[in-house]
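Let me begin by presenting the structure, written as structure tokens, before commenting on it.
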Protein chains: 2
Amino acid sequence: MHQGQTHAAAYILADGWVCSYKLLRDGTRQIVDFQIPGDFLGLRSVLFRTADHNIEPVTPVEASEVMKSDLLLAFEATPRLATAVLWAASRDEAMVVEHLVGLGRRDAVERTAHFMLELTARLILVGRGSRAGFACPLTQYHLADALGLSSVHVNRVLRQLREDGLLTFHKGLVTIHNFDKLVELAEFDQAYLDHDGPLLL
Amino acid sequence: MHQGQTHAAAYILADGWVCSYKLLRDGTRQIVDFQIPGDFLGLRSVLFRTADHNIEPVTPVEASEVMKSDLLLAFEATPRLATAVLWAASRDEAMVVEHLVGLGRRDAVERTAHFMLELTARLILVGRGSRAGFACPLTQYHLADALGLSSVHVNRVLRQLREDGLLTFHKGLVTIHNFDKLVELAEFDQAYLDHDGPLLL
DNA sequence: CGGATAGTTGACTTGCGTCAATCCGCGTGG
DNA sequence: CCACGCGGATTGACGCAAGTCAACTATCCG
């Protein structure tokens, strides 16, 4: 999916990772979020006439397409579904907000730690990770574009986290050596992920 | 409204400006967005059990409270209203995303210019501004907390924009001297604001 | 006439970017 | 089976955008 594209559909990810991002004129990009299995994506490109961001796969993916007309009809027929989708959209926005706070007010190390902890929490929810770590298909370039850093600096940050005995990122595997200290360092509070699910009256 | 608060309501702003922000442990804050007259705010704190951010007035405000139960009942009764609110939430998210891109990939001058142009576009929509400028109740501290900069640096950036004949920020008044050059500098594309309103089937 | 609050400016420091070189693992094709 | 190329990771040297500290001005208000 590309910026400016019309008639885009939405998807539910069954397997694999994708990332959504925006491109700037000078060729740099900013990754807004990664979606992992179970995530609903592309809602904005359905509600808006044209997509305002790009989505591309990080790994091979398996997904179900949800067509615009079906989605809007389902909202008419089942109002609770609309409320649930609204909740999902709000959770998405909460993640973007937390990401924004990181870019604005956390230094590179805290930001990276926070990012890893968010991924961990989300992956645990769908049974693909634990407090000890998870399989991570991202490259250091992905991290750089998500964290607003250069890939060189991401590498330095990862080295520091490794040397401090907090976390290693190697060969597609993130291993967390000290979960509690990482939480402390990143000032991570997962309230914004609202794990309890939609509130239906 | 404060982080952690339960039973928060939502509001429709009739007059005045407010800002929503998150606080970090070290006392710094990151402003996520400002709301201006006509904006709907606090949706997330209604759908989630506890508010995940703070909202405070910038000026004296006038607003209508929308209670949680009324909102959810209205969704059941009027599915199109739910779709419309979903659209509004998506527009909100699109603004947060654009803000995030700015923090991650634009330098201080571009970021400030972009921010001013977004405010301009939004204020024009509600008849409180024009391409020539608008009344702006924000302090340079507000700008700093929104743009992820120090107030000292915001001051330097504003000076540069003034000296380049682009924009002045003085005494609660933003005056735009060269709209087109500002758009060019900030790489501003207002597609993400989707001015056409919700798409209802 | 103090005493807030907001804005302004200069001098110095620093976190992160840029450039460049090197290394490593892997797949491909001669 | 080895040579090569390529994407990703790693490291050092150097530069700059933005932060910090600190002093000063302007304005408003009781």
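Naming: A, B, ... by sequence-line order, numbering from 1 per chain.
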* Asked: Can you tell me if B:Asp15 uses its side chain to pair, donor with acceptor, with the backbone of B:Val61 under 3.5 Å?
  -> no

* **Any donor-acceptor N/O pair, B:Arg105 side chain to A:Leu24 backbone, under 3.5 Å** =>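 No, because the side chain of B:Arg105 does not come within donor-acceptor range (under 3.5 Å) of the backbone of A:Leu24.
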
Polar pairs (N or O, both sides) under 3.5 Å between protein and nucleotides 9-12 of chain D?
unit_1: D:dA9; atom_1: OP2; unit_2: A:Gln140; atom_2: N; d: 2.8
unit_1: D:dT10; atom_1: OP2; unit_2: A:Gln140; atom_2: NE2; d: 2.7
unit_1: D:dT10; atom_1: OP2; unit_2: A:Asn155; atom_2: ND2; d: 2.9
unit_1: D:dT10; atom_1: O5'; unit_2: A:Asn155; atom_2: ND2; d: 3.3
unit_1: D:dT11; atom_1: OP2; unit_2: A:Arg159; atom_2: NE; d: 3.1

What pairs of donor and acceptor atoms, side-chain ones from residues 26-38 of chain B against any protein atom, are under 3.5 angstrom apart with sequence neighbours left out?
unit_1: B:Asp26; atom_1: OD1; unit_2: B:Thr28; atom_2: N; d: 3.0
unit_1: B:Asp26; atom_1: OD1; unit_2: B:Thr28; atom_2: OG1; d: 2.8
unit_1: B:Arg29; atom_1: NE; unit_2: B:Asp145; atom_2: OD2; d: 2.7
unit_1: B:Arg29; atom_1: NH1; unit_2: B:Glu56; atom_2: OE2; d: 3.4
unit_1: B:Gln30; atom_1: NE2; unit_2: B:Asp145; atom_2: O; d: 3.1
unit_1: B:Gln30; atom_1: NE2; unit_2: B:Ala146; atom_2: O; d: 3.0
unit_1: B:Asp33; atom_1: OD1; unit_2: B:Arg122; atom_2: NH1; d: 3.3
unit_1: B:Gln35; atom_1: OE1; unit_2: B:Ser20; atom_2: OG; d: 3.1

Within the sub-3.5 Å range, which N or O atoms of nucleotides 26-30 of chain D have a protein N or O partner, and how far apart are they?
unit_1: D:dC28; atom_1: OP1; unit_2: B:Lys171; atom_2: NZ; d: 3.4

* Asked: Reckon B:Gly172 touches a base, only the sugar-phosphate, or nothing at all at heavy-atom distances under 4.0 Å?
  -> nothing

* Please lay out, stage by stage, how A:Thr139 and A:His142 fare under the test side chain to side chain donor-acceptor pair (under 3.5 Å). => CA-CA 5 Å; A:Thr139 66; A:His142 283 122; 3.2 Å; yes

* Whole angstrom value for the distance that separates P of C:dG17 from CD of A:Gln30 -> 12 Å

* Checking side chain to side chain donor-acceptor pair (under 3.5 Å) for the pair A:Arg156/A:His153: CA distance, chi angles, key distance, verdict? -> CA-CA 5 Å; A:Arg156 292 193 276 246; A:His153 201 64; 3.2 Å; yes

* Does some side-chain heavy atom of A:Glu93 sit less than 4.5 Å from a side-chain heavy atom of B:Leu43? -> no

* Taking the side chain as every heavy atom from C-beta outward, state whether A:Leu86 and B:Phe75 have any atom pair closer than 4.5 Å. => yes

* To do: Measure the acute angle between the ring planes of B:Phe115 and B:His99, then classify it against the limits of 30° and 60° as parallel, tilted or perpendicular.
  => tilted

